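See below for the structure under consideration.
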Amino acid sequence: MFKWFVSSVTDILIAFTLATLLLLYGAMSHPEMFPQRFFQYWTLTSPHSVAEPPSQQISAAAQVQR
C-alpha cells in the first residue's frame with residue numbers, strides 16, 4: 001500500500017512539473033496567446049522582453065523628432 005502511494009504521488013509530481021514547464025515554454029514562445037494578467041503572477045516571463053527586444057525600442061519622442 002505504501003509503495004502504491006509513493007508511486008502515485010511521484011507520478012502526480014512529475015505530471016505537474018511537466019505541465020508547468022510546458023506552460024512556461026508556451027508563455028515565453030508565444031506571449032500573445034496568454035492574457036496580460038497571466039504575466040502578473042508568473043514573474044519569470046515577460047511579454048515585452050520576448051515580443052520586442054529592448055535594443056529596438058524607440059521612444060515616442062525620438063520617433064517624432066525623426
Side-chain angles (χ1 to χ4, degrees):
M1 178 75 177
F2 182 73
K3 287 183 180 181
W4 173 83
F5 179 75
V6 170
S7 177
S8 298
V9 170
T10 303
D11 290 345
I12 290 171
L13 288 175
I14 290 171
F16 278 124
T17 302
L18 290 175
T20 303
L21 291 174
L22 184 63
L23 187 65
L24 183 63
Y25 173 75
M28 292 176 74
S29 299
H30 306 287
E32 67 277 358
M33 298 182 71
F34 289 85
Q36 190 63 30
R37 289 185 62 187
F38 174 83
F39 297 102
Q40 293 174 358
Y41 299 107
W42 282 64
T43 57
L44 295 175
T45 60
S46 173
H48 303 295
S49 65
V50 175
E52 204 173 302
S55 62
Q56 294 179 355
Q57 292 179 349
I58 301 172
S59 67
Q63 288 179 355
V64 171
Q65 290 176 356
R66 288 184 179 187

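Keep in mind that what you see is a predicted model, and the values were worked out from it rather than measured.
Residues forming a side chain to side chain contact (heavy atoms under 4.5 Å, CB included) with Y25 (at least two apart in sequence, or on another chain): S29. I14 is linked by a side chain to side chain contact (heavy atoms under 4.5 Å, CB included) to T10, L18, counting only residues two or more places apart in sequence or in another chain.
A distance of 8.5 Å separates OG1 of T20 from CG of L24, quoted to the nearest 0.5 Å.
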Less than 3.5 Å apart, which donor and acceptor atoms pair up between the side chains of residues 1-8 and the rest of the protein, not counting sequence neighbours?
unit_1: S8; atom_1: OG; unit_2: W4; atom_2: O; d: 2.9

